[in-house]
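Keep in mind that what you see is a predicted model, and the values were worked out from it rather than measured. Along the sequence shown, the residues carry numbers beginning at 1.
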Amino acid sequence: MTELGTHAIGADARLRPNVGTELPMAHAIGREIIQAGLADREFTELATSGYEEYRTLVEPWTLSLAVKVTGVPAAVLRELAHAFAQGEPIPALAVTEHDTDGHRALGDLSLLTGRDLTGHDLSDRERRTRFQLVRHPPPVDLTDERYPVRLTNGRRQGSYNTLLQKGGSASALRRAECVELSPEDAERHGVVVGEVVRVVTRRGSTTAPVWVDPALRPGLAFMTGRSLAVDLATETGLPLVGFLRGHSMNVYAGDHRLALTAAAAAQG
């Protein structure tokens with residue numbers, strides 16, 4: 001999942017897609033690039049494969065549909081498509097290291113516009129780069145009267161440095177775990193910055209102080225997810241595993257389980 005708010009895309013309200021809709025946004029941009037004749041057809045024909053499948057994939061994502069799904073105005077989507085085709089980045093599609101679908105969708109846009117030219121021999125048809133064809137899965141949980149705010153998680157910008165993750169350095173961007181709300185949601189729920197609240201999801205709950213982020217869209221809250229994972233592991237008495245990448249992972253477990261594991265390892 002990509003991160004929203006000031007964590008990734010800056011404070012321009014026009015560029016804040018609804019949470020979980022970055023792929024539809026990318027598909028709408030790709031469709032607009034094709035419709036406007038801005039795709040690098042020479043490059044896609046000589047150096048890629050899967051262009052027709054990609055065109056079919058993005059065809060349903062008209063600007064009008066994308067507006068309904070992403071919340072980003074049609075004029076902005078069109079502007080982003082034309083700017084990307086001319087070599088500019090798309091700040092609203094900034095992705096984290098864990099967002100493999102986001103990276104693949106951006107890769108498809110790069111192929112579409114011939115921005116992946118480095119290392120390509122256009123005469124070598126055996127070394128074509130294939131479009132990834134990333135499909136958009138609908139959200140697992142929908143908001144309702146009991147759960148009116150969607151919670152998204154990830155890392156804050158100030159926590160990406162390795163020393164920061166290990167607590168070995170201070171950063172002006174870094175702060176303690178909190179639940180971040182839009183000003184509108186903070187007012188609606190009658191909470192203020194620093195007030196400790198209970199955050200309840202369909203899978204668990206935790207407590208955290210409130211932080212108000214003007215860059216967040218109403219109806220969206222942000223946490224790093226660490227507190228939720230630790231509290232859920234404590235409540236259930238079970239270790240939780242997340243952020244699996246190859247042979248590495250994050251394990252959330254109680255201190256006694258870690259101590260027993262270390263003791264067992266020492267004996268073995």
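Heavy atoms only, all atoms of each residue included: P209 and G194 are closest at CB-O, 3.9 Å. The minimum heavy-atom distance between V193 and W211, with the atom names listed, is CG1-CE3, 4.1 Å. The minimum heavy-atom distance between A66 and A28, with the atom names listed, is CB-CB, 3.5 Å. Heavy-atom minimum distance, L77 versus L63: CB-CD2, 3.8 Å. In terms of heavy atoms, S182 sits closest to V212 at C-CG1, 4.2 Å.
For the side chain to side chain contact (heavy atoms under 4.5 Å, CB included) test, residues two or more places apart in sequence or in another chain that qualify with H82 are E32, A36, L38, R78. Under the rule for a side chain to side chain contact (heavy atoms under 4.5 Å, CB included), the partners of E53 that lie at least two apart in sequence or sit in another chain are R130, L133. Residues forming a side-chain hydrogen bond (donor to acceptor under 3.5 Å, both in side chains) with R202 (at least two apart in sequence, or on another chain): D144. In this structure, the side-chain hydrogen bond (donor to acceptor under 3.5 Å, both in side chains) partners of E59, at least two apart in sequence or on a different chain, are R31. Residues that satisfy the side-chain hydrogen bond (donor to acceptor under 3.5 Å, both in side chains) test with S64, not counting sequence neighbours, are T62.
Between H189 and V149, some side-chain heavy-atom pair lies under the 4.5 Å cut-off. Here the side chains of D40 and L112 are not in contact, with every heavy-atom distance at 4.5 Å or above. Residues I29 and W61 fail the side-chain proximity criterion, which asks for heavy atoms closer than 4.5 Å. Contact of the M25 side chain with the L80 side chain is registered, since non-hydrogen atoms from C-beta on lie closer than 4.5 Å. Residues V191 and L181 form a side-chain contact, since some pair of their non-hydrogen atoms from C-beta on lies under 4.5 Å apart.
The CZ atom of F43 sits 5.5 Å away from the CG atom of L111 when rounded to the nearest 0.5 Å. Remark: K68 NZ to T21 OG1 distance equals 15.0 Å, nearest 0.5 Å. In this structure, CG on L220 lies 8.5 Å from CZ on R150, to the nearest 0.5 angstrom. The line from CG of D185 to CG of D213 is 11.5 Å long, rounded to the nearest 0.5 Å.
Between the side chains of R128 and S49, no donor-acceptor pair of N or O atoms lies under 3.5 Å.
Think of V196 as one node in a network of Ile, Leu, Val, Met, Phe, Trp and Tyr side chains linked at under 4.5 Å; it has no links at all.
A distance-only check finds no donor-acceptor pair linking the side chain of S205 to the backbone of T201 [under 3.5 Å]. At distances below 3.5 Å, at least one donor-acceptor pair connects side-chain atoms of D108 with backbone N or O atoms of Q132. Here the side chain of H27 pairs a donor or acceptor atom with the backbone of V134 at under 3.5 angstrom.
With L23 as the partner, the side-chain contact (heavy atoms from CB on, under 4.5 Å) test is satisfied by one option alone out of R135, H136, R104: H136.
Applying the 6.0 Å contact sphere to CD of E187 captures no more than 12 heavy atoms from other residues, nucleotides or ligands.
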Next item on the list: Mind running side chain to side chain contact (heavy atoms under 4.5 Å, CB included) on V179 and V197 for me, showing each step along the way?
Entry: CA-CA 9 Å; V179 54; V197 298; 3.8 Å; yes
Check: Y54 and I34: side chain to side chain contact (heavy atoms under 4.5 Å, CB included), yes or no, with the steps?
Finding: CA-CA 10 Å; Y54 176 78; I34 294 172; 4.3 Å; yes
Next item on the list: Verify side chain to side chain contact (heavy atoms under 4.5 Å, CB included) between F131 and T48, making sure each step is shown before the conclusion.
Entry: CA-CA 7 Å; F131 280 87; T48 74; 3.5 Å; yes
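Both the sub-6.0 Å distance and the 45° axial angle are satisfied by R115 relative to the ring of F84.
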